[in-house]
Amino acid sequence: QVQLVESGGGLVQAGGSLRLSCAASGHSRYAAGWFRQAPGKEREFVAAISWSSFTTHYADSAKGRFTISRDDARNMVYLQMNSLKPEDTGVYYCAARFAVYSDYVPAPSDFDSWGQGTQVTVSS
C-alpha cells in the first residue's frame, strides 16, 4: 500500500499556472494519476502516468494545458497546470495502483490508493 501526500495547491488567476506535487512512500512499482473534485460534483479523472513514464493519459479538458510527470526515483509525481481556467477549480487528489508491468496505466475506476487532496482555486 502506497501512502500519498499532495501539495502545491493555491489561488491563481485565470491564465496562470500551478505545479502540484505528490510524495509517495511505502510503495512498490505503481502507476500514478491525478483526479479532481469540484463542489457538488463527482470526482473526475485528470491525468495518469505509467511506472516507466513512457505512457500518459489525459482527460480532454487537460490536454494541451496539463502535464503529468514523475522523478527518476519514482518518489514524486507532478501535475504542471498551465492556462488555468475557473472550471479547473476543485480539490486535486493524487492516486496510485500497483503496476504488474512497467507501461501499465489503470482505468480511472481502478486506482485504489489516494492522497488527502489539495485545493486549487482559479479566479476569473
Supply the atom-to-atom distance [X] [atom1] to [Y] [atom2], rounded to the nearest 0.5 angstrom.
{"X": "Ile49", "Y": "Thr56", "atom1": "CD1", "atom2": "OG1", "result": "6.5 Å"}
{"X": "Ser113", "Y": "Tyr30", "atom1": "OG", "atom2": "OH", "result": "10.5 Å"}
{"X": "Gln3", "Y": "Gln116", "atom1": "CD", "atom2": "CD", "result": "11.5 Å"}
{"X": "Cys94", "Y": "Ile68", "atom1": "SG", "atom2": "CD1", "result": "7.5 Å"}
{"X": "Met81", "Y": "Arg36", "atom1": "CE", "atom2": "CZ", "result": "8.5 Å"}
{"X": "Leu4", "Y": "Ser25", "atom1": "CG", "atom2": "OG", "result": "7.5 Å"}

Of the non-hydrogen atoms in [X] and [Y], which two are nearest, and what is the gap between them?
{"X": "Gly9", "Y": "Leu20", "result": "N-CD2, 3.6 Å"}
{"X": "Gly33", "Y": "Phe111", "result": "N-CE2, 3.6 Å"}
{"X": "Ala99", "Y": "Ala31", "result": "CB-N, 3.9 Å"}
{"X": "Gly90", "Y": "Gln119", "result": "O-NE2, 3.5 Å"}

Can Arg97 and Asp110 be counted as an ion pair, charged N to O under 4.0 angstrom?
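No, Arg97 and Asp110 are not salt-bridged.
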
### Task
Before accepting this row, confirm whether a basic side-chain N of the pair Lys85/Asp88 lies closer than 4.0 Å to the acidic partner's carboxylate O.
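No, this pair does not count.
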
> What's the verdict on side chain to side chain contact (heavy atoms under 4.5 Å, CB included) for Ser21 and Glu6, showing C-alpha distance, side-chain angles and the deciding distance?
Replying inline: CA-CA 6 Å; Ser21 299; Glu6 304 94 333; over 6 Å; no

Practice task
Could you please spell out the steps behind the side chain to side chain contact (heavy atoms under 4.5 Å, CB included) verdict for Leu79 and Val46?
Solution key: CA-CA 9 Å; Leu79 185 68; Val46 176; 4.2 Å; yes

Fill in: Thr89 and Glu87: CA distance, side-chain angles, deciding distance, side chain to side chain contact (heavy atoms under 4.5 Å, CB included) verdict
CA-CA 5 Å; Thr89 293; Glu87 51 262 46; over 6 Å; no

Practice problem: Compute the ring centroids of Phe35 and Phe45, then answer whether they are less than 6.0 Å apart. | Solution: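 Under 6.0 Å, so yes.
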
**Asked** When the ring centroid of Trp34 is compared with that of Tyr92, is the distance short of 6.0 Å?
**Response**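 Between Trp34 and Tyr92, the centre distance exceeds or equals 6.0 Å.
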
| query | Within 45° of the axis and under 6.0 Å from the centre of the six-membered ring of Tyr93, does NZ or CZ of Arg43 qualify? | reply |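 That pair qualifies as a cation-pi contact.
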
>> Given 3.5 Å as the limit, does a donor-acceptor pair link the side chain of Arg70 with the main chain of Ser50, or not?
In response: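 Flag set: sc Arg70 to bb Ser50 pair under 3.5 Å.
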
Taking it one step at a time, do Gln13 and Ser124 satisfy side chain to side chain contact (heavy atoms under 4.5 Å, CB included)?
CA-CA 6 Å; Gln13 290 187 326; Ser124 60; over 6 Å; no

Do you reckon Val120 sits in the same ILVMFWY cluster as Val77, going by side-chain contacts under 4.5 Å, direct or chained?
->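 Cluster IDs for Val120 and Val77 match.
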
Check whether any side-chain heavy atom of Val12 sits under 4.5 Å from a side-chain heavy atom of Thr121, and report yes or no.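 Val12 vs Thr121: side chains apart.
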
If we only count heavy atoms from C-beta on, is the Met76 to Cys22 side-chain gap below 4.5 Å?
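Answer no - side chains too far apart.
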
Criterion ring pair (Phe, Tyr, Trp, His ring centres under 6.0 Å) on Tyr104 and Trp51, from CA distance to verdict: CA-CA 7 Å; Tyr104 170 71; Trp51 174 261; over 10 Å; no

**Request:** Would you check if there is a donor-acceptor pair between the side chains of Tyr58 and Arg65 at a distance under 3.5 Å?
**Result:**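 No, no side-chain donor-acceptor pair sits under 3.5 Å.
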
